[in-house]
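Worksheet: the structure to be examined is printed underneath.
Note that the numbering runs from 1 along the sequence shown for the chain. Start at 1 and go down the list; that is how both ligands and their atoms are numbered.
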Amino acid sequence: MGGWNLIHFTGFILLSLLLLSETCLASVRRFGSINPGFEGAQWDWIDNNGLFLLCNQSVFGFGFVTTPQDVTLFLLVIIHMDSGKIVWTANRGSPVSNSDKFVFDDKGGVSLLKSGSVVWTIDTGGKTVSAMELHDSGNLALLGDDNGVVWQSFSHPTDTLLWNHDFQQGMKLESEPGSNNVSYILEIKSGDLILSAGFKTPQPYWSIGRESRKTIYKDGGEVTSASISENSWKFYDSSKVLLWLFFFSSNVDVNATWIAVLGNDGVISFSNLQNGDSNGLSATKIPGDSCSTPEACDAYFECSSDNKCLCPSGLSSYANCKSGIVTSCDPSKGSTELTSAGDGLYYSPLAFVSPSSRTNLEGCKSSCLGNCSCVALFYQSSTRNCYMFDRIGSFQNSDKDFSSYVKVLSDGGSGSGSGGSRSKKWFPYIVIVAISTVLLICGLLYVGYRYYRRKRNSPESPDSFWENLSGMPIRFSYKDLQTATNIFSNKLGQGGFGSVYEGVLQDGTRLAVKQLEGIGQGQKEFQAEVTTIGSIHHHHLVRLKAFCAEGTHRLLAYEYMANGSLDKWIFKKNNEESLLDWETRFNIALGTAKGLAYLHEDCDSKIIHCDIKPQNVLLDHNFHAKVSDFGLANNQGAEPCFHYTKRNSGVPCTGVDHKPPYIREK
Ligand SMILES: *[C@@H]1O[C@H](CO)[C@@H](O)[C@H](O)[C@H]1NC(C)=O
Ligand SMILES: *[C@@H]1O[C@H](CO)[C@@H](O)[C@H](O)[C@H]1NC(C)=O
Ligand SMILES: *[C@@H]1O[C@H](CO)[C@@H](O)[C@H](O)[C@H]1NC(C)=O
Ligand SMILES: *[C@@H]1O[C@H](CO)[C@@H](O)[C@H](O)[C@H]1NC(C)=O
């Protein structure tokens, strides 16, 4: 009977802890609107997946979600609930941590703070704000005293247009910057909807006016707004008269929920979020030809319609279509000349920019050579138009009669001054010799480094072992752990994520080695997790001492707990006398609670355990309790325990539904 009381007591402490944290977070999700004097961080709404405001019909939510690159960083977004698609982002490029606060202050000012400094705020132009509303359309609005709209997210979209979002002149859609730091911009300008690359001098490459796939409803007129409907994008003039339609789907479904997204490749794609489908993508894209974005390939490469990228014939002698080519104005680089890039090359912005001058080819070439910022020119003989660019992306092939010239260094970049062609001939050899030398040196350094590491990490040398033990867990090779566990011969038990084996190092240190199974994690995620778990040190938490990540092997080595798990001591098979006296039981309950309280509330990267049961409370040789099995992220949804930061994936935390620890299992 005594055992039962102990378990009740432990359960009571654990439940009170859970309830306590629920109430002190106090963060109930609001519907429709919030009023000034509201603030909180991701951590406060963790039980609502970080969302704190839902529209009345719960189609959209507003709150924090993790970034795809780093689960400990968060963006403040409007999310489409069914599909999980992010449709608007407040702090693009400046993610915050789980404790950074969203503040809607008493005066109606809205801001997002990162370590105290403002990373995003709304300029209300000094107007008083009485409420923030999230409409069923996905529009986030700030209302003034008179209930008029002071600011709305629809007027400041990011890279997504929603169905029934009226995109008007003055608004701007901007893609996330791509790997080369270029973003693409969609805006209504001079009666047309224009897509351009955000270079220093923006370069338009598509417009609805020149789009041949559109359906003309009414001739003439200037576009001032556009909106997405059942299966088309509709363009209107200033008196709301329909001018053009662009069909992206042949199905007419009045309930379809289409969005248009401007990707970081400069392409607009359409997807239907109906029925929670996050990639109900339409095959119709803008622009229609995937080669006609300025950066379909790397700069100076030629994009062909089957999406191959080749260095054009005229530039093939320049290594990688790059070295020796002048890409920006830099007078210190030496003298320059123009070289023909090859025949039949075209550049999509040519259709949108106006010529720099009308002249002959020689005149065009000399104005480019005399202008430092000109890096490439296109000359059309039929019109005598000369086009100069201060930056170019990839070429397209076409049968239009353009000649293209690219600015290159006169000495081919080698500095030998002995004539471009000769140095170009030698260039590949120089590159090969240089690369081989570098590779050889790197190889030697790597071998040396490996040797040094093996020496340091080898469990055979106890001194370096103790040296390493002070900080983060140390890394073992798979072979070391095989030796330590005598080829995984002594199985201690089966925990979440894999089997646990006993291991002994040469210096006598005993370890519990957990072989992770089916965790399906990448090296990087595993490392992030080892870093998190390894940095948590507490008297009542089982300490991670070492790990191994080698090929597909993922192992974690914990400190050895001589008395095993609590269940062995309380769920006794036959009605033997209990081995635990009351003081020990009390200390175990207290220790468990302390360990959990630390995990939940006091450590730097807070972790919700979600799977507390006697099997996960381990006892050392003095019957000190230590909590185990925390912090491992669940990638497959099989076990109810995961890192709290991953809960935005839409999987609800099932930890609290789990069998209470005090219910005795058969
Ligand atoms: C949400 O519903 C309430 C009650 O029906 C209504 O008063 C409020 O205006 C609605 N809010 C929004 C943003 O639609
Ligand atoms: C990217 O562009 C922004 C603004 O255009 C600039 O501030 C930033 O330094 C750039 N970053 C890189 C890596 O080029
Ligand atoms: C659209 O939705 C309504 C209400 O949910 C439903 O009655 C109707 O059948 C749907 N229409 C189509 C074409 O699916
Ligand atoms: C120099 O070239 C740049 C880029 O092509 C162009 O914008 C500018 O007008 C040119 N300047 C002159 C004086 O021609």
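- The proximity of Leu134 to ligand 1, defined as any non-hydrogen pair under 4.0 Å, is limited to the backbone.
- The sulfur atoms (SG) of Cys374 and Cys368 lie less than 2.5 Å from each other.
- The main-chain N or O of Lys322 is never found under 3.5 Å from a side-chain atom of Tyr300 such that the two would form a donor-acceptor pair.
- By heavy-atom distance, the residue among Leu53, Leu143, Leu140, Asn56 lying nearest atom 1 (C) of ligand 1 is Asn56.
- Residue Glu133 approaches ligand 1 through these ligand atoms, each under 4.0 Å from one of its heavy atoms: 13 (C).
- Around atom 6 (C) of ligand 4, the closest heavy atom drawn from Leu377, Asn371, Thr201, Asp390 belongs to Asn371.
- Contact annotation for atom 9 (O) of ligand 1: protein absent (non-hydrogen atoms, distance under 4.0 Å).
- Exactly one of Phe199, Phe395, Tyr347 qualifies for a ring-ring contact (aromatic ring centres under 6.0 Å, His included) with Phe389. That residue is Tyr347.
- Relative to the six-membered ring of Tyr236, Lys240 meets both conditions, a distance below 6.0 Å and an angle of at most 45° to the axis.
- Under the 3.5 Å distance criterion, the side-chain polar atoms of Arg213 are left unmatched by any main-chain donor or acceptor of Phe246.
- Closer than 4.0 Å to atom 4 (C) of ligand 1 lies none of the heavy atoms of the protein.
- The shortest separation from a heavy atom of Ser373 to ligand 4 is under 4.0 Å, placing the residue in contact.
- Sulfur-sulfur distance for Cys297 and Cys303: not below 2.5 Å, with no disulfide indicated.
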